[in-house]
Amino acid sequence: MNKSMIRYLLSKLLLIEACLLIVPLIVAVIYQESAQVFLSIIVTIAILLSIGGVGVFFKPKDAHIYAKEGVLIVALCWIFWSFFGALPFVFSGQIPDIIDAFFEVSSGFTTTGATILNDVGVLSHSLLFWRSFTHLIGGMGVLVFALAIMDNAKNGHLEVMKAEVPGPVFGKVVSKLKNTAQILYIIYLALFAIFTLLYFLAGMPLFDSFIIAMGTAGTGGFTVYNDGIAHYNSSLITYLVSFGVLAFGINFNLYYYLLIRKFKACFADEELRGYLTIVIISTILITFNILHLYGNVADSLEMSFFQVTNIITTTGFGFGNTVDWPLFSQFILLLLMCIGGSAGSTAGGFKVIRCMITARIAKNQILSTLSPNRVLTLHVNGQTLDKDTQHKVLKYLAIYAIIIVALIFIVSFDNNNFMTVVSGVLSCFNNIGPMIGTTDSFSIFNPLSKFLLSLAMIAGRLEIYPMLLLFLPKTWSKR
């Protein structure tokens, strides 16, 4: 194992986080915030510069990165960025408990949107901005962001990007990996800018427009007010947010195809069609199931579409509550929590493409039982999916289910409400945010549960393997 290269790249990444913290520092200047807030950010930047500076001072002789190093760099980076990103909240006293602050920032970087805050009004403008800025950074992946701006673009960085980008199969949009990262981030930031402008034109204050657009882009869900999107009392804004998160739940490679006018490749994508079909069917079912609660189709449709798009894209913007919804509708939302968005998007969850592959594997198994001698193949987007990829999807499903059951078992000691525990675990592990069936924040859990759920958020964002391998002794052994 090339430990010196792991140390070197992690140090570089800490320096990048120090630079990113300058943005909320500027916000603090604009809003003329207290000296304590200024010092909390400045001290954090100083700590990051000190640790990162020492780490990059000694350059490694061997610059190669293999799969093992790539996995460890990804897992450690997300943990370190979450820990150091939490320090301004602790130093400022706005979230004095380090585990609570770690939970909040882990939720931000992983674009989960879960919070321990019962009142977001305790946060200053600068830290409220930093909290949502983590959504924007983490949406496409902190390592993809780093790769887009780093000078070093050796082929070894493929292992880093493969370990972070969600989906069963990693694909570059162009031949050079660095260019792929840059193209993805340009598309991502362009869409972010468009929705910031749309929110502002729809009547949001400029500061709010940035916060909500960052939550939309990262499919995160942090807002400015306790009542979330409902605060604006605008159907236009509600629908803009719904379509916004829906757009960011689509594979970003498809946007690249649109730019280069490969329209057929984009609209023929089976995952895209499956994703939109699930949204449409779920919205229709819930609309009629909750119609008696809202009295008319328009309001019922608005609420249903908002909740469906926010849950399947694992965004979780607040808009009313689902506590009084029928069990049928709540169950649909629980299923959408697990399904998640598209591979290669900013959404979390199991991913639509994995659900499609799993269903087709099950179908082939049934058909092979009826016709044992029949040779069955599995196709996705007109291409045959090899057995190795099929096995990877099934293995991922097994590990995914085992971890969820284990987390529910552990967290159940902390809370007696079944729906709260299940939806809390699914919310964190699938990077969704709010719990179904309750209006409580995650402050109701004890420190151990919050710490485990923080790691669950990071594991879910990195699709399990990097976090699991981080704690295996064999991973740290010599090659």
Decide whether [X] and [Y] meet the rule of one side-chain donor and one side-chain acceptor closer than 3.5 Å.
| X | Y | value |
| --- | --- | --- |
| N251 | S342 | no |
| Y232 | D208 | yes |
| T322 | Q307 | no |
| S126 | E33 | yes |
| D119 | Y225 | no |

Test of ring centre spacing under 6.0 Å for F83 and F80: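 Ring centroids of F83 and F80 are no less than 6.0 Å from each other.
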Ring centre gap for F317 and F222 strictly below 6.0 Å: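 Ring-ring flag for F317/F222: false, centres at least 6.0 Å apart.
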Is there side-chain contact between [X] and [Y], with heavy atoms separated by less than 4.5 Å?
| X | Y | result |
| --- | --- | --- |
| T420 | I444 | yes |
| L128 | H125 | no |
| Y255 | L191 | yes |

Test: R354 cationic atom under 6.0 Å from Y396 six-membered ring centre, within 45° of axis: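 That pair qualifies as a cation-pi contact.
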Rounded distance (nearest 0.5 Å) linking atom OG of S443 with atom CG of D100: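 Output value for this atom pair is 8.0 Å.
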Nearest-0.5 Å distance that lies between atom CZ in F429 and atom SG in C338: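 Here the interatomic distance stands at 10.0 Å.
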Residues that D414 engages under salt bridge (charged side-chain N to carboxylate O under 4.0 Å, His left out), provided they are two or more places apart: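 In terms of salt bridge (charged side-chain N to carboxylate O under 4.0 Å, His left out), with neighbours along the sequence ignored, D414 is linked to no residue.
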Partner residues of D388 under the salt bridge (charged side-chain N to carboxylate O under 4.0 Å, His left out) criterion, sequence neighbours left out: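 For D388 the salt bridge (charged side-chain N to carboxylate O under 4.0 Å, His left out) partners, ignoring immediate neighbours, are K392.
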Candidates I458, I79, V74 - the one meeting side-chain contact (heavy atoms from CB on, under 4.5 Å) with L470: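 Checked I458, I79, V74 against L470; only one passes side-chain contact (heavy atoms from CB on, under 4.5 Å): I79.
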Worked check of side-chain contact (heavy atoms from CB on, under 4.5 Å) between T223 and I211: CA-CA 7 Å; T223 56; I211 297 294; 5.6 Å; no
Geometric class of the F252/F248 ring pair [parallel <30°, tilted 30-60°, perpendicular >60°]: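 Ring orientation of F248 relative to F252: tilted.
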Reference residue T346; test side-chain hydrogen bond (donor to acceptor under 3.5 Å, both in side chains); the match among T111, T219, T315: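 For T346, the side-chain hydrogen bond (donor to acceptor under 3.5 Å, both in side chains) check succeeds only for T219.
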Residues 196-206, side-chain donor-acceptor partners within the protein, below 3.5 Å, at least two apart:
unit_1 : atom_1 : unit_2 : atom_2 : d
T196   : OG1    : F192   : O      : 2.8
Y199   : OH     : T216   : OG1    : 2.9

